[in-house]
Amino acid sequence: MASINFLASPNYVARSIKASSKSSDHLKDGFPLGNKNLPGRKSRGDRRELTVANVATQAPVVSRPSPGKGPAGGGRDHVAWTSVRQHRWEGELAVEGEIPLWLSGIYLRNGPGLWHVGDYDFRHLFDGYATLVKLQFQNGRLIAGHRQIESEAYKAAMKNDKLCYREFSEVPKADNFLSYIGELASLFSGASLTDNANTGVIRLRDGRVVCLTETQKGSIMINPDTLETLGKFEYTDSLGGLIHSAHPIVTETEFLTLLPDLINPGYLVVRMEPGSNERKVIGRVDCRGGPAPGWVHSFPITEHYVVVPEMPLRYCARNLLRAEPTPLYKFEWHPDSKGFMHIMCKASGKIVASVEVPLYVTFHFINAYEETDEDGRVVAVIADCCEHNADPTILEKLRLQNLRSFIGRDVLPNARVGRFIIPLDGSPYGNLEAALNPDEHGRGMDMCSINPAFLGKKYRFAYACGAQRPCNFPNTLTKIDLVEKKAKNWHEEGAVPSEPFFVPRPGATEEDDGVVVSMISEKNGDGYALLLDGSTFEEIARAKFPYGLPYGLHGCWVPKK
């Protein structure tokens, strides 16, 4: 979740990175583009490598070193946890290996990438201003770029050189008591909440691309080709509320999301049709426990049902009002309130099951599907997630100070592929178990993707970030086989990979026929885009960035028009 976040920018100084060719001849909207007629040459056996052209621009660069920026080495110096060096860049990358010619489109990745305002350093991973990165694949070539999303929070920070909106763990400093009272009033109206859309990015079926966070106002449209901020995505309904799930579900026919109700604890399940900005209510789930609804960063669906999780990690209005963060930030852990899973029929809005399950903590659901008996009747819903062993301390482990202070001790909390089994026979209880031995993926598990053709259906493979111990953050790319209950792991010493995103090959008949895309931050300050074969999980290509990029969160695929 990069939920309530934002950051400002210091002074700038013009600077460029060494480029291999002309610099001004290929400028477009301030970005240099690579030469389209570059020759190829052989490298690493028969793998093709393209020469690099114009991999930098005279873009503004943060004038002071970002937090943790330094030479190669330990955790504090790792580029994954440092602010992005330039606010805007684009260029063609040299490719080692071979990009499949069928891979044609743009991979977009969103995430926090700028973690300081003026001389003030932010505290939490989720506090960074949104940095949107693209990898544009065409005819075996790769053009990359990144750009800051120009939210109101970001622009205000740039202008005033200070924090102006409430972020995940940050609150603007009041000048006096009256301004503090005014800020509290604006909190209740939502005016002081950030619109820093730094969590995910989705492509709606009408072609619009929207960056999201957990505040509803943090829904911002962007141009996937230029990464330009186009403006707010305005919801035209009157449903109200301040927050929503950071991960809606987008299908060919609809957009589904959850709106937590903090006053009368529960969730509205809503739908939006392609081309529309109006959400319509499918139904409501009333919470069965706790003083507030459980956090719903994500949720899964099946072909006929919406799965609504009610986690004992619950929203907390008191913590939201605090000027200084608590260990669980905007949430509280209420194990006595228990954990629940609710199943709602998409067509009718009727709740067909509401069961108590063992305590759990999850940011990300992987997928869900319907289990049938020999007569084809649905008897249960299976829902898989990246589950943190009911340990909410994972939030505190994501403080930037903790991420930057890694000295080799194994401090990453354990995680697993948690499988919920939710019976539809009226039983009051559901089950939660590990879908495979967590040792297969190093007892680390998060940032998952699947073949989108299997959304809501029975599936076999998932791609995620696992762990090679000792570590303080997931540091491997992992292919999970839920039938064989095995995992294949990709790892490079000192590398921090972002979410592995699966792109299926057009016309494929096998579930894992495609490529996995990830962006790698290296401890020496470098970074590269990585392509793995979805089936063998072997590397097929990589392309080095002109400088390492900070860690990012979630992505989407924009196919070639």
- line: Rounding to 0.5 Å, atoms CE (Met311) and CD (Glu387) come to a distance of 9.5 Å
task: Not counting sequence neighbours, which residues clear side chain to side chain donor-acceptor pair (under 3.5 Å) with Asn160? List them please.
output: none
field: Thr476: partners by side chain to side chain donor-acceptor pair (under 3.5 Å), with sequence neighbours left out
entry: Thr478
message: Can you see whether Tyr315 engages Glu332 through a side-chain donor-acceptor pair at a distance of less than 3.5 angstrom?
response: no
query: Any side-chain heavy atom of Tyr267 sitting closer than 4.5 Å to one from Phe299?
result: no
message: Can you list everything that forms a side chain to side chain contact (heavy atoms under 4.5 Å, CB included) with Ala543? Sequence neighbours excluded, please.
response: Leu93, Val95, Leu142
- request: Please identify each residue that fulfils ring-ring contact (aromatic ring centres under 6.0 Å, His included) with Phe545, with sequence neighbours left out.
  value: none
message: Any side-chain to backbone donor/acceptor pair from Ser169 onto Pro325? Under 3.5 Å, distance only.
response: no
- request: Flag the pair Pro248 / Leu256 as yes when at least one side-chain heavy-atom distance between them is below 4.5 Å, and no otherwise.
  value: no
task: Pick out which of Thr326, Leu313, Val361 makes a side-chain contact (heavy atoms from CB on, under 4.5 Å) with Leu395.
output: Leu313
- line: Residue set satisfying side chain to side chain donor-acceptor pair (under 3.5 Å) with Asn472, at least two apart, ordered chain then number -> none
- request: Assess the side chains of Arg147 and Asn223: does a donor N or O sit below 3.5 Å from an acceptor N or O?
  value: no
task: Take Trp295 and Phe331 through the ring-ring contact (aromatic ring centres under 6.0 Å, His included) test and state the conclusion after the steps.
output: CA-CA 8 Å; Trp295 180 29; Phe331 313 105; 4.7 Å; yes
query: Looking just at side-chain N and O atoms, do Thr257 and Arg279 make a donor-acceptor pair shorter than 3.5 Å?
result: no
- prompt: In Å, rounded to the nearest 0.5 Å, how long is the span from CH2 of Trp81 to CZ of Arg404?
  reply: 9.5 Å
message: Salt bridge check, Lys544 against Asp526: does any charged N sit closer than 4.0 Å to a carboxylate O?
response: yes
message: Quick check: do Tyr120 and Lys162 have side-chain heavy atoms less than 4.5 Å from each other?
response: no
Side chains of Leu204 and Pro274 in contact at under 4.5 Å (non-hydrogen atoms): no
message: For the CG atom of Asp225 and the CD atom of Glu90, what is their distance to the nearest 0.5 Å?
response: 9.0 Å
message: Can you tell me how far apart OG1 (Thr251) and CZ (Arg271) are? Round to the nearest 0.5 Å.
response: 9.0 Å
task: Show the numbers, then the answer: is there a side-chain contact (heavy atoms from CB on, under 4.5 Å) between Leu259 and Leu239?
output: CA-CA 9 Å; Leu259 307 183; Leu239 295 179; 4.0 Å; yes
- prompt: Are the charged groups of Glu170 and Arg123 less than 4.0 angstrom apart, N to O?
  reply: yes
task: Please determine, by modelled atom types, if His146 and His87 share a side-chain donor-acceptor pair under 3.5 angstrom.
output: no
statement: d(Glu278 CD, Glu273 CD) to nearest 0.5 Å is 9.0 Å
statement: Interatomic distance, NE2@His554 vs CG@Asn110, rounded to 0.5 Å, equals 9.0 Å
message: For Tyr107, run the ring-ring contact (aromatic ring centres under 6.0 Å, His included) check against Phe502, Phe137, Phe501 and tell me which one passes.
response: Phe501
query: Val517 and Leu135: which non-hydrogen atoms are nearest, and at how many Å?
result: CG1-CD1, 3.7 Å
message: Just by distance, no angles: are the side chains of Ser83 and His116 close enough, under 3.5 Å, to form a donor-acceptor pair?
response: yes
Modelled atom types, side-chain donor and acceptor of Asp446 and His388, under 3.5 Å: yes
message: I'd like to check the side chain to side chain contact (heavy atoms under 4.5 Å, CB included) partners of Ser219; sequence neighbours left out, ordered by chain and number.
response: Val210, Leu212, Phe233, Tyr235, His244
